[in-house]
Amino acid sequence: MAHRYLAGQKSAYPVVLEAWKMCDGEREALLNALYAMSALTDGQPDLLEGVGQELLIRSLQNNLKDAEVTLFAIRLARHVCLKHEQNRQDLVKAGILRHLAQAISHHGTDPDLVREACSALRIMTFDDDIRVPFGHAHDHAKMIVLEHAGLKLLIEAAKGFTDNNLVLSELCSTVARLCVRNEFCQDVVDLGGLNFMLALLADCIDHQELVKQVLNAIKAIAGNDDVKDAIVSSGGTDLIVLAMTRHLSNTQICDQGCAALAMLALRKPENCKVIMEGGGALAALQAMKAHPKDASVQKQACMVIRNLVSRTRDYSQPILEMGAESLILQARCTHKDCDDVAKAALRDLGCKVELRELWTGQKGSLVH
């Protein structure tokens, strides 16, 4: 990072930019310029200026058939957009989303390029720039889906990489980022994405990174109530429990698995029945035991329990007999972030919950 910052301060960036301008169709010079720009801006996206943005777009626009140039240009786009909202917005206005979609469509059999393009698309949906109060992450996700058929593009691309877990992980992760609207979740099902991901989960259960990303995508599309039912009726809950049990020591898989189960159980008593019968409550509690120091696992597991019993109190006693109360109390004491959901879970389980009165209406009585 230090040498890149120094290079920027010493005006290495303008030199590279000038060299890029003078490429004039020379492929090797263009590749060298892209490589140098990518190295300089990795971690320093502020270095990209208007001329640099123009040349980046032009490189993608004029070299679609050249996989290597396209790869290097996309990598540069990824570097300058990570944690930089203004660069994202400027490049989206300049047409970067169309070029990224075209790159996947045109080079759909190139694993490196597809991975890089997926990563770049996903970064366009991030809200990670602390300097900006409100970004356009949601709008960019909608544009990718509605204007560039992003979901169809990614799901079709995935079918060409059934033996490449790295590419499949990127594709599933990107699909999850795009499911920002109820109808987009249903689109994934209609395009065959749900069946494809459940088959992946069954066939690649031992590949932890892919399992994590599939669970993440399942959680994302389960925001749609109809899709919840489709996941459950297709045997999704059994596969989620199997993944969690198989990889109980993996914090992220337990976290994503619990989050998916919590989403599937939300407002769905029939789904809760399937989850209970399939061992979902036990899997969530086992995750709590395995990862007592991880606040996210504890919180998501508490949500699983709460959602299972909130509308079906008959499950309270069986869950309590699994040791839920002590685990939830421990989570509440250990992690402040778990306090509200832990109290809700304990309340709905029928346990005694001490509720603090934060404000009594008297001056000076607010409890910190």
Side-chain angles (χ1 to χ4, degrees), residues 215-216 218-220 222-223 225 228 231-232 236-238 240-245 247-362 365-368:
L215 291 175
N216 180 38
I218 289 173
K219 174 194 69 177
D225 281 354
K228 285 181 174 67
I231 294 169
V232 172
T237 52
D238 290 339
I240 294 169
V241 171
L242 176 61
M244 292 174 63
T245 305
H247 303 291
L248 192 58
S249 63
N250 187 303
T251 305
Q252 293 176 322
I253 287 178
C254 287
D255 182 33
Q256 294 295 340
C258 285
L261 289 176
M263 189 65 77
L264 292 171
L266 183 64
R267 303 187 302 270
K268 289 286 185 177
E270 287 302 314
N271 291 352
C272 292
K273 182 174 185 293
V274 177
I275 292 170
M276 282 295 296
E277 292 174 351
L282 182 59
L285 295 174
Q286 287 175 332
M288 295 183 78
K289 288 181 184 177
H291 306 284
K293 295 181 180 180
D294 191 278
S296 186
V297 171
Q298 299 297 310
K299 186 175 183 178
Q300 295 297 339
C302 286
M303 290 180 70
V304 174
I305 301 305
R306 193 259 172 178
N307 290 350
L308 285 173
V309 299
S310 63
R311 299 194 182 197
T312 313
R313 297 302 170 93
D314 290 345
Y315 299 144
S316 296
Q317 190 56 37
I319 291 175
L320 287 170
E321 291 172 0
M322 297 175 194
E325 184 175 8
S326 62
L327 288 168
I328 297 171
L329 285 170
Q330 181 183 347
R332 187 184 176 193
C333 292
T334 306
H335 305 287
K336 288 183 179 180
D337 287 348
C338 294
D339 189 58
D340 289 341
V341 68
K343 282 192 293 189
L346 290 168
R347 179 198 64 214
D348 290 347
L349 281 167
C351 302
K352 183 178 179 181
V353 183
E354 180 185 347
L355 299 174
R356 291 188 303 163
E357 190 174 24
L358 296 180
W359 189 55
T360 61
Q362 299 298 318
S365 63
L366 189 64
V367 178
H368 295 285

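Scope of the values below: all heavy atoms of this structure, side chains included, with no hydrogens, waters or symmetry mates. Nothing fancy with the numbering, it's 1 onward along the sequence.
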Subject >> Closest non-hydrogen atom pair, Gln300 against Cys258 >> reply: CB-CB, 3.6 Å

**OP:** State, with a plain yes or no, whether a side-chain heavy atom of Lys228 is found less than 4.5 Å away from one of Leu266.
**Re:** yes

Original post:
Got a second to check how far Lys273's NZ is from Thr312's OG1, nearest 0.5 Å?
Top reply: 10.5 Å

**OP:** Taking all heavy atoms of Ile231 and all of Ala222, pick out the closest pair and write down the distance.
**Re:** CD1-CB, 3.9 Å

Original post:
Would Val232 and Glu270 satisfy side-chain contact (heavy atoms from CB on, under 4.5 Å), going step by step from the backbone distance to the final call?
Top reply: CA-CA 9 Å; Val232 172; Glu270 287 302 314; over 6 Å; no

Original post:
How long is the gap from OG on Ser316 to CD on Glu321, to the nearest 0.5 Å?
Top reply: 11.0 Å

Subject >> Heavy-atom side-chain contact between Met288 and Cys302 under 4.5 Å >> reply: yes

Original post:
Can you check whether Leu215 reaches Gln252 side chain to side chain, under 4.5 Å on heavy atoms?
Top reply: no

Subject >> Lys299 NZ: over 12 foreign heavy atoms closer than 6.0 Å >> reply: no

Original post:
Looking at side-chain heavy atoms only, is the closest gap between Asn271 and Thr237 below 4.5 Å?
Top reply: no

Subject >> Heavy-atom pair of closest approach, residues Val353 and Arg347 >> reply: CG2-N, 3.5 Å

Original post:
Distance from Ile253 atom CD1 to Met244 atom CE, nearest 0.5 Å?
Top reply: 10.0 Å

**OP:** Could you give me the CA-CA distance, side-chain angles and deciding distance for Lys336 and Asp339, then say whether salt bridge (charged side-chain N to carboxylate O under 4.0 Å, His left out) is met?
**Re:** CA-CA 5 Å; Lys336 288 183 179 180; Asp339 189 58; over 6 Å; no

Subject >> Step-by-step side-chain contact (heavy atoms from CB on, under 4.5 Å) determination, Ile305 to Leu327 >> reply: CA-CA 11 Å; Ile305 301 305; Leu327 288 168; over 6 Å; no

Subject >> Min side-chain heavy-atom separation Lys293-Thr334 under 4.5 Å >> reply: no

Original post:
How about Asp348 and Arg313: do any of their side-chain heavy atoms sit closer than 4.5 Å?
Top reply: yes

Subject >> Minimal non-hydrogen separation, Gly278 against Asp238, with atom names >> reply: CA-OD1, 4.0 Å

**OP:** Go through Asp255 and His291 one step at a time and tell me if the side-chain contact (heavy atoms from CB on, under 4.5 Å) criterion holds.
**Re:** CA-CA 10 Å; Asp255 182 33; His291 306 284; over 6 Å; no

Subject >> Approximate separation, where rounding is to 0.5 Å, of Leu248 CG and Gln286 CD >> reply: 6.0 Å

Subject >> Pairwise distance CD(Gln298) to NZ(Lys289) - rounded to 0.5 angstrom >> reply: 12.0 Å

**OP:** Could you tell me the separation between the CG atom of Leu282 and the CE atom of Met322, rounded to the nearest 0.5 Å?
**Re:** 5.5 Å

Original post:
Going through the distances and angles, do Asn307 and Ile275 end up as a side-chain contact (heavy atoms from CB on, under 4.5 Å)?
Top reply: CA-CA 11 Å; Asn307 290 350; Ile275 292 170; over 6 Å; no

Subject >> Distance-minimising heavy-atom pair for Leu320 and Cys351 >> reply: CD2-SG, 3.6 Å

Original post:
Do Leu261 and Leu308 touch side chain to side chain, with heavy atoms closer than 4.5 Å?
Top reply: no

**OP:** State, to 0.1 Å, how close Gln330 and Pro292 come at their nearest heavy-atom pair, and which atoms those are.
**Re:** NE2-CB, 3.8 Å

